[in-house]
Every structure is written in C-alpha cells, then in structure tokens.
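Heads up, the thing below is written out as structure tokens.
In what follows, every chain begins at residue 1, and chains take the letters A, B, ... in the order their sequences are listed.
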There are 2 protein chains.
Amino acid sequence: MDSKPKRVMAKKKVNIKDVAAKAGVHPSTVSRVLNPDTASMVSRPVAERVTSIASEMGYKRSPMASGLRTGRSYTVGVLIPDLTNPIFPPIVRGIERSLGERGYIAILADSDNNKKDEHAILDSMKSRHVDGLILATAHRKDLAVNTCIDEQIPLVLVNRSIDSHAVTEVINDDEKGISLAIEHLLELGHRSIAYLGGPPDTSTGRDRHQAFKKIMRAHGLEPDPELIVNCAAFTEPEGHLGFLSLLKKHRHFSAVVAANDLLALGCFDALQESELRCPQDISVTGFNDTPFMDRLSPPLTTVQIPLDEMGAKAAQLLLNLIRDPQIDSETIKLKPKLVVRGSTAKPRT
Amino acid sequence: MDSKPKRVMAKKKVNIKDVAAKAGVHPSTVSRVLNPDTASMVSRPVAERVTSIASEMGYKRSPMASGLRTGRSYTVGVLIPDLTNPIFPPIVRGIERSLGERGYIAILADSDNNKKDEHAILDSMKSRHVDGLILATAHRKDLAVNTCIDEQIPLVLVNRSIDSHAVTEVINDDEKGISLAIEHLLELGHRSIAYLGGPPDTSTGRDRHQAFKKIMRAHGLEPDPELIVNCAAFTEPEGHLGFLSLLKKHRHFSAVVAANDLLALGCFDALQESELRCPQDISVTGFNDTPFMDRLSPPLTTVQIPLDEMGAKAAQLLLNLIRDPQIDSETIKLKPKLVVRGSTAKPRT
DNA sequence: TTGTAGGCGTTATCAA
DNA sequence: TTGATAACGCCTACAA
C-alpha cells in the first residue's frame with residue numbers, strides 16, 4: 001500500500017543518507033570520507049567501510065546539492081567566437097581533455113562573434129556557478145573580460161590577449177611566427193613582401209602587424225605602408241578584398257604574408273580572379289595551419305601553432321587558479337613552427 | 001561595525017528573499033512570478049511590481065538551487081566522438097543555438113571514439129543532472145544508449161541511428177544521398193562503379209552500403225562484391241588502404257563512391273601514389289561536404305548534408321521530449337543534395 | 001574521531 | 001491570490 005507502483009524498475013537515486021544508514025554512521029561522516037580534503041579526519045576502518053558501501057550502492061554525490069552548499073560546481077565555462085572556425089575545435093579538445101582529467105567538465109558556448117550574445121552567455125554561465133572561465137573571444141580592450149576580473153572569477157584567455165595583460169593568457173608567440181614566415185621568404189629571395197593583416201582591435205591582429213614591421217626592419221627592409229593592409233575580420237572574403245586592394249595599388253610585390261589561413265585563402269581567390277599564379281607569380285604564407293591546408297592547391301606554406309596544447313595548457317592554468325585564486329597572472333607564449341609547402345617559391349627573376 | 005570590509009566592491013548576489021523583501025511580498029510569490037508556468041497564479045499589479053524590482057536589482061535565479069528543488073538543471077549533455085572531425089562543429093553549433101534560445105545550455109564532451117571514456121563521461125553528465133542527452137556516438141547496437149533508455153533519460157541521437165530505432169533520431173537520408181552520387185556517375189557514363197564504405201557497426205556505414213547495392217540494382221547493375229570495400233573507420237588512412245585494396249583486385253572500375261569525405265581524401269592519396277589522375281582516370285565522390293572540400297585539388301564532388309539543421313532539429317526535439325517524456329520516438333531524415341565539383345567526369349572512352 | 005544542527009536558494013504543498 | 005513551511009542533498013562550524 002505504501003509502495004507506489006513504478007512503470008519501470010525505478011532505481012531510486014541513492015543519497016548520502018542511504019549510504020550513512022547502511023554503514024551505520026552519520027551522513028556527515030560519509031561526506032567527510034568522500035571529500036578528499038576532509039578524508040583524513042576519519043578513522044581508517046570507518047573510511048574503508050564507507051567507501052566500499054558507497055561504491056557498492058552506486059552512490060554519486062549530487063553536484064547540485066554540494067554546489068549549492070559550497071558555491072562550487074566543478075564546471076568551467078568555455079566561450080568561443082565561432083566553433084566552425086577550424087582553429088577552435090583542437091583548442092576545445094585540449095581544454096576538455098585537461099579538464100576531464102581533474103573531474104571538471106566544460107560548458108561550451110559559441111558567441112557567434114556577437115558581443116551582445118557574449119554577455120548573455122557569460123551571465124548564464126555565471127548563474128550556473130561555473131568555477132572559472134576560458135575565453136577565446138577577447139578583444140584588446142574587452143568589457144566582458146574586465147567584468148570578470150572585477151567579479152574576481154578565475155579566468156584564462158586563449159589565443160588572444162588583452163592589452164593590460166592583467167589576466168592569465170595562453171597565446172602564440174606571434175612575433176616568432178611572423179619572423180619564421182618572413183625569413184623563409186627572404187631566403188627564397190623575396191624582397192618586396194606585402195602584409196595582409198587582421199583586425200587591429202584583436203591582439204592577434206595587432207601583434208602580427210607590429211611583428212611584421214619589426215622583423216622587416218630587423219632585416220634592413222623598411223616596410224612600405226602601401227604594402228600593408230589590415231582586414232576587418234579574419235575571414236576568407238576579407239582576405240579576398242584585402243588582397244585586391246593591395247593589387248590595386250599597382251605595387252610589384254612578389255610575396256604576401258597573411259595573418260591567418262583564411263586570409264591566405266582569400267588571397268588564393270583573388271589571385272585566381274586576377275589570373276595570377278601562386279607561387280609562380282606571387283608566394284603566399286598563412287598562419288595557424290588549420291586542417292586541410294596541406295591539401296589546397298597549392299598546399300599552403302603556413303605557421304603552425306600547437307592548438308591542442310594551447311587548450312590543454314589553458315585548462316591547466318585555470319584549474320590552478322581555481323585552487324588558488326591568489327596566483328599571479330602570467331602570459332604564456334607557445335612556440336610556433338613553419339611548415340613549408342607549395343604556396344611559396346623563389347620570385348620570378 | 002557590522003559592515004565587513006571587502007577587498008573590492010563585492011556585489012553580493014541578490015537572491016529571491018532580497019527581491020521579496022524589497023517588493024514587500026513573500027519569496028514564494030516572487031518565485032511564482034518569475035516562473036512562466038506559475039506566473040498566471042499571481043495578480044497583475046503584484047506581478048508587474050515584482051518583475052520590475054527583480055530586474056532592477058539584477059536578480060538572477062540560481063539554477064543550482066532551483067535545480068536541487070526541482071530536479072532540473074536546464075542543462076543538456078552533448079557527446080561527440082571527435083570534435084576535430086569536421087562534421088561535428090556545425091552540428092554542435094546548431095545544437096547550441098537551438099538550446100540557447102530556450103534558456104538551456106550544453107555540456108560538451110568528446111569521447112575520442114572511446115567507449116570506456118564514453119561511459120565515464122555519461123556518468124559525469126548524469127550526476128550533474130542533465131535534463132537530456134544528445135549523442136552523436138551511437139553504434140548500431142549501443143550499450144550506452146540502451147542504458148540511457150532504461151534510465152528513462154530524454155535522449156536524441158544525431159547523425160547515427162541504432163537498429164531498434166527505439167529513440168528519437170535525427171539523421172541524414174543516406175539512401176537518397178547515395179542515389180544522388182550514383183545517378184550522377186551513371187549520367188556521366190560510368191558503369192563500373194566501386195564503393196568504399198565505412199564501419200558496418202555504425203548506421204551510416206551499414207545504411208550507405210545497403211543503399212549502394214540497392215540503388216545499383218535499381219539501375220540494372222548487379223553490384224560486384226569485388227568492387228565493394230568497407231573500411232574499419234571513417235578516416236583518411238582507412239580510405240587510403242581501402243582504395244589500394246580495390247586497386248589490388250585489378251578491376252577496371254572508372255569511379256568510386258566513398259561513404260564520407262575523409263575516405264574520399266584517402267582515395268586521392270592512393271590515386272596519387274598509383275599515378276592515377278582524378279577525374280581523368282577515376283572519378284571520386286564523397287559524402288558530407290565538410291569544409292574545404294571545395295578547395296581540394298580536384299574539388300570534391302560530394303553529397304551535402306544540412307549539418308547545422310541536424311543539430312538544431314535534434315536540440316528542438318530533445319527540448320520537446322524534456323517537456324513531455326511521453327512523446328513517441330521518431331526518426332527524422334534530412335534531405336541531402338549533391339554538389340558537383342571537379343572530382344567527377346566522363347569516363348575514358 | 002564522530003555526531004548535531006543549520007542553512008545554501010528555490011519551489012511544492014498546504015493553509016489562509 | 002498570497003503566505004507559511006518544509007524539503008531538495010550536501011557541507012561545515014561546533015559540540016561531544
């Protein structure tokens with residue numbers, strides 16, 4: 001009469017009380033046993049019995065309940081500007097692997113490059129009590145990032161940094177990357193090298209641009225402003241437009257350093273349209289080495305970035321930060337390398 | 001004296017009690033106002049006042065607390081076999097967009113094609129009280145899926161189905177896709193067409209294989225078992241091996257239908273190695289139309305699948321299922337279309 | 001070393 | 001229509 005009929009065998013969720021009852025101890029004891037930080041407080045035999053009974057009963061701690069009590073969720077928010085941009089899947093993968101190893105899980109969202117959505121998403125994540133945040137969306141001056149700093153929520157930036165560097169960041173060594181590209185072209189004999197950059201309000205846009213000028217000068221070549229174009233976005237159409245505007249200036253350059261692979265693709269489009277051949281007429285280098293760049297026609301010479309590692313490292317730093325929020329912020333720069341393929345060759349004599 | 005000094009202005013989280021106090025009502029009233037299902041129970045003027053005060057104070061309901069009470073988390077688990085496989089980012093994006101519109105959020109995990117990890121991840125998601133699950137990892141007979149069914153957790157499968165079709169599934173119409181590829185090749189004049197398939201323990205592997213045989217017969221061509229090879233995985237190396245094994249049989253086929261784009265890429269590798277040209281010597285078709293397939297050399301003729309839509313639809317069905325678990329399961333098949341590019345041409349005469 | 005009691009923020013249920 | 005109360009499952013001072 002007091003056993004309600006269930007449709008299926010409804011394995012009732014076992015909670016901490018059930019375990020305590022079966023083990024003949026108080027729920028708080030069970031709690032202590034199962035919590036690594038407090039496990040030492042309880043005697044060896046009791047601890048062992050509780051542990052074995054708990055696993056035997058299939059007990060799982062309820063993160064919601066414990067989170068409500070402790071303010072922790074063992075959950076991390078990951079915000080990406082656009083998951084279909086091929087640099088992000090490897091980063092996300094690295095993040096997840098690293099997080100999973102320590103019992104954390106990722107809430108993933110895609111801001112679609114939209115600042116308004118971004119705030120809404122961050123609010124939603126915060127209201128879910130994420131223990132920390134990994135953002136790949138940062139601009140050089142970024143309100144959302146500053147808000148998180150004010151709120152003292154553990155935070156790590158990947159791929160892009162902010163000007164103040166007031167946060168932990170895991171980024172690429174862009175100066176090194178650009179120098180690899182330029183030096184490769186110089187070795188091939190190029191002297192008139194154009195630069196197709198990204199949006200100046202992102203660190204990757206700005207840093208690569210600065211690096212281009214700096215490295216050129218270091219090699220005794222004064223960069224010609226007419227041979228530098230910064231695109232409004234890191235996309236193929238923008239690269240296309242940017243390259244056309246370079247061409248329009250009627251300059252005789254023999255090579256282009258593009259600030260990412262998609263911009264380089266845009267160059268390919270524009271070259272074809274202009275009946276120029278790559279690499280015979282103009283050499284092109286990319287940046288990132290996203291998937292399939294080795295299969296283009298011609299295969300793209302590009303700067304390879306350890307994306308997986310970038311994600312993994314970011315997750316790791318975030319977990320440290322969650323453990324100890326007092327840790328100083330640092331900017332980690334990963335080393336890129338050059339992958340030489342078919343889109344670069346000696347210039348026409 | 002009773003105001004503790006805080007390092008920074010610590011915007012104390014405002015909770016339902018604060019709102020109630022300021023509005024001069026009981027917390028339950030606030031709860032009712034803010035909950036769409038119960039909002040009708042409260043009088044218009046009170047509701048309006050509460051609403052405005054709540055938003056003015058920046059009140060956000062705590063999903064953890066409300067989840068603890070209601071058993072809901074407004075969170076959905078999404079399990080993907082490998083995020084770096086280019087078909088998944090668009091699917092995930094579709095899922096997230098659809099989820100976000102209804103206040104849900106996705107916990108994403110990557111099983112890395114590993115059944116053991118998969119179980120651990122699912123446990124972790126369940127312990128976080130996800131309200132439902134979207135799985136892209138299903139095999140035709142899938143223990144993990146069956147477990148979820150037993151546990152009566154709302155569940156939707158994407159991209160792949162299970163043999164019993166006992167669950168809601170959003171998949172591609174593979175028979176249609178394969179028929180588009182075959183008919184295109186037939187129109188070009190091919191008669192001897194090989195098939196390079198995927199693992200038979202996945203629905204996509206099996207269905208496309210069956211479809212190949214069926215459609216060939218429907219056109220009066222008995223499929224030659226020697227011209228059919230099923231690969232162990234949907235990967236480029238497997239496609240490479242598979243194609244070589246087709247070649248080894250010394251059959252004179254003029255075209256290959258590959259069961260996905262990565263297998264088709266493997267064909268390209270093997271063709272090059274064998275000094276055969278595509279499409280002059282052998283035409284190749286792919287499946288999925290993942291990014292950059294239009295930029296290969298030659299650009300790949302392939303079957304295009306609405307991946308975004310697949311994800312969005314799955315999320316939508318899952319939310320319906322969460323709302324009403326009694327809804328019957330259904331299998332939704334999305335219509336693919338053929339994208340003709342440079343990897344297919346008339347056979348040599 | 002273990003038990004007790006109170007509360008994290010909400011909402012379901014019952015009473016008014 | 002609104003208010004009071006208890007409970008969701010867990011953790012943590014504090015007491016024993």
Side-chain angles (χ1 to χ4, degrees), chain A residues 10-51 53-54 57-75 103 126-131, chain B residues 10-51 53-54 57-75 103 126-131:
Chain A
K11 309 174 190 171
K12 201 179 56 182
K13 270 275 178 194
V14 17
N15 65 23
I16 204 170
K17 262 192 210 164
D18 302 329
V19 177
K22 188 149 187 178
V25 296
H26 193 272
S28 47
T29 304
V30 178
S31 170
R32 284 190 273 255
V33 172
L34 268 22
N35 194 316
D37 297 337
T38 51
S40 58
M41 298 179 178
V42 40
S43 74
R44 189 64 165 273
V46 175
E48 276 170 9
R49 201 151 48 84
V50 168
T51 312
I53 288 183
M57 296 178 76
Y59 170 72
K60 298 259 166 55
R61 156 164 69 219
S62 156
M64 306 212 79
S66 85
L68 179 59
R69 184 63 233 260
T70 61
R72 283 183 176 261
S73 62
Y74 289 91
T75 291
K126 287 173 194 164
S127 77
R128 277 169 170 85
H129 287 193
V130 291
D131 295 339
Chain B
K11 308 173 192 171
K12 200 179 60 183
K13 270 277 178 194
V14 16
N15 62 24
I16 204 170
K17 266 191 207 161
D18 303 329
V19 178
K22 189 150 187 176
V25 297
H26 194 272
S28 6
T29 304
V30 177
S31 171
R32 285 190 273 256
V33 171
L34 269 22
N35 195 314
D37 297 338
T38 51
S40 57
M41 298 179 179
V42 39
S43 75
R44 189 65 165 271
V46 175
E48 275 169 10
R49 200 153 47 84
V50 168
T51 313
I53 289 182
M57 296 178 76
Y59 169 72
K60 298 259 165 54
R61 160 163 70 221
S62 157
M64 302 211 81
S66 113
L68 180 60
R69 186 62 240 249
T70 62
R72 287 184 169 246
S73 62
Y74 289 90
T75 291
K126 287 173 194 165
S127 79
R128 276 168 172 86
H129 286 193
V130 291
D131 294 340

Can you sort out the partners of [X] under side chain to side chain contact (heavy atoms under 4.5 Å, CB included), two or more places apart, ordered by chain and number?
| X | value |
| --- | --- |
| B:Leu68 | A:Ala65, A:Leu68 |
| A:Ser127 | B:Pro63 |
| A:Thr38 | A:Arg32, A:Asn35, A:Met41 |
| B:Ala47 | B:Val33, B:Val42 |

Name all pairs fulfilling the salt bridge (Lys or Arg N to Asp or Glu O under 4.0 Å) condition that reach into residues 60-71 of chain B, sequence neighbours left out, sorted by first residue then second.
A:Asp123-B:Lys60
Residue pairs meeting salt bridge (Lys or Arg N to Asp or Glu O under 4.0 Å), one or both in residues 36-50 of chain B, sequence neighbours left out, come to B:Arg44-B:Glu48
Once you build an axis from the first five pairs and another from the last five of the helix from C:dT1-D:dA16 to C:dA16-D:dT1, how far apart in angle are they, to 10 degrees?
40°
Closer than 4.0 Å, any side-chain N/O of B:Ser43 to the OP1 or OP2 of D:dT2?
yes
Along DNA chain C, first and last positions that approach a heavy atom of chain A under 4.0 Å
C:dT1 to C:dG9
Contact string for nucleotides 7-16 of chain D, one letter per nucleotide 5' to 3', B = base within protein heavy-atom range under 4.0 Å, S = sugar-phosphate only, - = neither, reads BBBBBBB---
For A:Tyr59, ring-ring contact (aromatic ring centres under 6.0 Å, His included) partners two or more places apart:
none
Mind checking what makes salt bridge (charged side-chain N to carboxylate O under 4.0 Å, His left out) contact with B:Lys22, not counting sequence neighbours?
none
With sequence neighbours excluded, what pairs up with B:Ser73 under the side chain to side chain donor-acceptor pair (under 3.5 Å) test?
B:Asp131
When you measure from the side chain of B:Thr70 to the backbone of B:Ser66, do you find a donor-acceptor pair of N or O atoms at a distance under 3.5 Å?
yes
